[in-house]
Amino acid sequence: MSAFNLLSIGSRAMTANYVALQTTGNNIANAKVEGYSRQRVELSTTASQFTGNGNIGRGVDVKAVTRAHDQFLTREAAGAQSTAQMDQARLNALKRLEEAFPTGERGVGHAATLFLNAMTDLAGQPAEQGLRQAVLARANEVAVRFGQASQQFDSLQADVNASLSGDVQRVNALAQGLAEINSKILGAASSQGAPNELLDERDRLLAQISEKIQVKTLTGPDQTVTVFVGGGRSLVMGNSAARLSVVADPADPSRKMLALNDKSGERSIDSELLGGGEMAGMLKFQNEDLVLARNRMGQMASALAGTVNRQQAMGLNLQGQTGGDLFFDFHDSSAAGALTMVRAASTNQGAAVPTLAITDPSKLQAAEYSLTYDTASSDWILTPSSGGPSIPQSQASGLGFTLAGLGALNTQDRFLLQPVTYAAGLMRRELAHTDGIAAASPVVAKAETANKGTGALTSLKVREPGANLVLAVQTSSVVLRFTGPSTVSVTPPVNGTSSLTWTPGQALTLGGVDLMITGQPKPADVTTGFAGDAFVLSATTQTSQNNGNALALAALADTAFVGRSGPGAGAGGATFTDAYAAGITDIGTRVQGAATASGISTAVADQLQLRKSAVDGVNLDEEAARLIQSQQAYQASAKVLQVAQSIFDTLLQTTA
């Protein structure tokens, strides 16, 4: 009986060590296979046998072949990789976005500076056709630069769309593969124990999905995995997989978002709930960085076009007519190809859409606004995309626009207001002929020859198109006479104003025109009968010799007309050059921030991957040592079997 037991022990030992040799060899063979987890043989002592001499061991059994695996580390590594892919995708897109804000001579800021400098040159010789042609050429170059920036934005949006489409196809294929693996795992686990290779394939698919979109997983007792995305939507459940799709954003169809198609239909996924993955990074870039860049460029285009056109309308061209638009007025809703500034959500129930009208382009901000109805205040509320506080629609005028037609709206509907978002793409030169440049001021001033003081009218600035003083001098000249040291009479009265108070160093404002009088005018003297120094304001007749409006246009180079917050000198805002520089700085800061975030998340992902590899990876040196160990154990087991065979042969010979 004992000889048979020894044979059994030797046989069991040889089998166990042979399995160990096979497992070690398999580890070595798969050392470079992505996603392979090191396998190991779990051995257990065979139950001993009781005899009169006590319990005698019966050898060893192969309990299982398991894989080295840490579920926590695997999940953490996949999550970290998801974050790293999100940060890297956004960083790559931001680097391309920087190209839309070039520095130096290629930038919009430089082109605008040359345009306003051309106005300065024209002010020196307002009738010179060559200088007028230069103004038009520079204006055209400004429009071209804005158009190029808009094309780059469109190209980046196309890249986002293509990236999302490709990633969605990849995720759908991986999800379907995962569902099939779940089915195989379920079948294998019920009859063959733990299917290590299938579990490795399952984890590999999960890791690849995590690179595209962050997932949450739930592993069942049968080792099948349920995968959730976007805040709890099931992507894979058992042997069935839902499908992701790229759909148009309900607020702005030019932008994209993700939707999940399952048995209950298609449901959009809030981009804020994606968490991580390459698609989350691209959507974050689209919804934040690209939108802000478009709005910044659109704000500058709107402010420049609107301000220049407004100043043009304050002057006279060579034909003595009021200056027409130098740039296309894309905010004029009646013009063909005008800017679409209000977008109704595709989910709206009503058909009515509010009307947005620009009142002051210099007050337009680099933002979009969500327009929704607030039942608490019974009013429509504007929420800016830039993250500022929400305001009632009645305060929209402070943002440079007004809203109308709100009474006809369905209070359940929502609208996206885009006063400047796509303005840069519509920027173009409208004025075709050099004679149309309104370089002349519509009003000229002349001191009376009888003046006795040192007063001089040094500047005359029309503040608004169709100013009352401009209209008044078309009928008759207006005389400003110093009847006292600080009292100025207006004859005839302009828009009801018959007298003004003069303060040295401050401009007189009359009928929408600022008049700067320096020196010390001589007031009226009843003793000598002197009527007082006077200045005569009259309509301009020699437009080719007048440069008043050209000087005002040139002065825009140093005027803060971008993003003003109110009237007056303390209204904030920035010059065009400063606004463009701020745009460059903002994009540069975003790139630096994204690079830092990407560096950190990549380092964390790499560290977790190293920790995971330390647990489940194959170390060839260790496997070589195990191979020798198992070989020696196998040889020793064979020796046991050989000894048992010899004993058995001896017993047979003795019995015979």
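Considering every non-hydrogen atom in both Ala367 and Pro419, the closest pair reads O-CD, 4.0 Å. Annotation for Ala149 and Ala100: closest pair CB-O, 4.0 Å, computed over non-hydrogen atoms. Nearest heavy-atom pair across Leu364 and Val420 is CD1-CG1, 3.7 Å. Between Leu382 and Ala396 the shortest heavy-atom distance is CD1-CB, 3.8 Å. Of all heavy-atom pairs spanning Ala251 and Arg343, the tightest one is O-CB, 3.5 Å. Shown here for Gly276 and Met86, the closest heavy-atom pair between the two residues is CA-SD, 3.8 Å.
With no hydrogens or angles considered, no side-chain donor-acceptor pair links Asn26 and Gln22 at under 3.5 Å. Looking at Glu197 and Gln39, their side chains do bring a donor and an acceptor atom within 3.5 Å of each other. A side-chain N or O of Asn261 and one of Ser245 form a donor-acceptor pair less than 3.5 Å apart. Side-chain atoms of Ser370 and Arg414 include a donor-acceptor pair closer than 3.5 Å. Using modelled atom types and a 3.5 Å distance limit, the side chains of Gln81 and Ser210 yield no donor-acceptor pair. Under 3.5 Å, the side chains of Ser390 and Thr383 contain a donor-acceptor pair of N or O atoms. No side-chain donor from either of Ser44 and Asp61 sits under 3.5 Å from a side-chain acceptor of the other.
Between the side chain of Asn182 and the main chain of Gly238, a donor-acceptor pair closer than 3.5 Å is present. Under a 3.5 Å cut-off, the side chain of Thr24 and the backbone N or O of Ala20 do form a donor-acceptor pair. A donor-acceptor pair is defined here as one N or O able to donate and one able to accept, closer than 3.5 Å; such a pair exists between the side chain of Arg202 and the backbone of Gln223. Between the Ser630 side chain and the Leu627 main chain, no donor and acceptor come within less than 3.5 Å of each other. Side-chain atoms of Thr224 do not come within 3.5 Å of backbone N or O of Gly220 as any donor-acceptor pair. A donor-acceptor pair under 3.5 Å links the side-chain atoms of Thr23 to the main chain of Val19, judged by distance alone. Judged purely by atom type and a 3.5 angstrom limit, Thr83 uses its side chain to pair as donor or acceptor with the backbone of Gly79. Put simply, the side chain of Thr602 never gets that close to the backbone of Gly599: no donor and acceptor are under 3.5 Å apart. With hydrogens and angles disregarded, no donor-acceptor distance shorter than 3.5 Å links the side chain of Asn348 to the backbone of Gly350. Put simply, the side chain of Asp379 never gets that close to the backbone of Asp374: no donor and acceptor are under 3.5 Å apart.
For the pair Leu97/Ile587, a side-chain contact is recorded, criterion being any heavy-atom separation below 4.5 Å from C-beta on. Proximity of Arg267 to Asp262: side-chain heavy atoms (C-beta onward) are separated by under 4.5 Å at one or more points. Considering only heavy atoms from C-beta on, Asp252 stays 4.5 Å or farther from Val291 through its side chain. Under the 4.5 Å side-chain criterion, counting only non-hydrogen atoms from C-beta, Leu620 is in contact with Ile28. For the pair Ile269 and Leu244, the minimum side-chain heavy-atom distance is below 4.5 Å. The shortest side-chain heavy-atom distance between Val108 and Met300 does not fall under the 4.5 Å cut-off. Between Leu218 and Val225 there is no side-chain heavy-atom pair separated by less than 4.5 Å. For the pair Tyr18/Ser637, no side-chain contact is recorded, criterion being any heavy-atom separation below 4.5 Å from C-beta on.
With a 6.0 Å radius and a threshold of 12 heavy atoms from other residues, nucleotides or ligands, Tyr373 has its OH atom above the threshold. Open room surrounds CZ on Arg243; 12 or fewer heavy atoms of other groups in view lie less than 6.0 Å from it. The 12-atom threshold is not exceeded at CD of Gln349, counting heavy atoms of other residues, nucleotides or ligands nearer than 6.0 Å. The number of heavy atoms from other shown groups lying within 6.0 Å of CD (Glu42) is above 12. Taking a 6.0 Å sphere around CD of Gln635, one finds it holds more than 12 heavy atoms contributed by other residues, nucleotides or ligands.
With respect to Lys184 and Glu180, no salt bridge is recorded, no charged nitrogen being found less than 4.0 Å from a carboxylate O. Salt-bridge check for Asp200 with Arg204: failed, with every basic side-chain N at 4.0 Å or more from each acidic carboxylate O. A salt bridge links Arg626 with Glu623: at least one charged nitrogen is closer than 4.0 Å to a carboxylate oxygen.
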task = Test Tyr634 against Met14 for side-chain contact (heavy atoms from CB on, under 4.5 Å), laying out the working first.
result = CA-CA 5 Å; Tyr634 182 83; Met14 285 188 67; 3.1 Å; yes
task = Evaluate the side-chain hydrogen bond (donor to acceptor under 3.5 Å, both in side chains) criterion for residues Asn92 and Gln88: first the C-alpha distance (whole Å), next the side-chain angles of each, then the deciding distance (0.1 Å), finally the verdict.
result = CA-CA 6 Å; Asn92 292 339; Gln88 186 61 49; 2.9 Å; yes
request  = Under the side-chain contact (heavy atoms from CB on, under 4.5 Å) rule, what do Leu399 and Ile391 come out as? Steps first, then yes or no, please.
outcome  = CA-CA 10 Å; Leu399 302 171; Ile391 62 172; 3.6 Å; yes
task = For side-chain contact (heavy atoms from CB on, under 4.5 Å), just list the numbers for Asn239 and Leu186, CA-CA rounded to whole Å, side-chain angles, deciding distance to a tenth of an Å, and then say yes or no.
result = CA-CA 9 Å; Asn239 60 358; Leu186 185 61; over 6 Å; no
ask   = Run the side-chain contact (heavy atoms from CB on, under 4.5 Å) check on Leu91 and Val591 step by step: do they pass?
value = CA-CA 6 Å; Leu91 174 60; Val591 171; 4.2 Å; yes
Could you go through residues 281-288 and list every donor-acceptor pair under 3.5 Å that involves a side-chain atom there, pairing it with any protein atom two or more places apart or in another chain?
from, atom 1, to, atom 2, distance (Å)
Lys284, NZ, Glu288, OE1, 3.1
Lys284, NZ, Glu288, OE2, 3.3
Gln286, OE1, Gln157, NE2, 2.8
Gln286, OE1, Lys256, N, 3.0
Gln286, NE2, Lys256, O, 2.9
Asn287, ND2, Leu283, O, 3.2

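Taking NZ of Lys212 as the reference point, atom CG of Leu164 lies at 11.0 Å (rounded to 0.5 Å). Atom CH2 of Trp380 sits about 7.5 Å away from atom OG1 of Thr372, to the nearest 0.5 Å. In this structure, OG on Ser82 lies 9.5 Å from CE on Met279, to the nearest 0.5 angstrom. Atom-to-atom distance recorded for Asp159:CG and Gln152:CD is 11.0 Å, nearest 0.5 angstrom. For the atom pair CG of Leu94 and CD of Glu99, the computed distance is 12.0 Å after rounding to the nearest 0.5 Å. Distance check, rounded to the nearest 0.5 Å: CG of Leu174 to CD1 of Ile181 gives 11.5 Å.
Between Phe153 and Phe101, the ring-plane angle classifies as tilted under the 30° and 60° cut-offs.
Within the structure, side-chain hydrogen bond (donor to acceptor under 3.5 Å, both in side chains) pairs that include any residue of residues 605-615 comprise Lys612-Asp616 (at least two apart or interchain).
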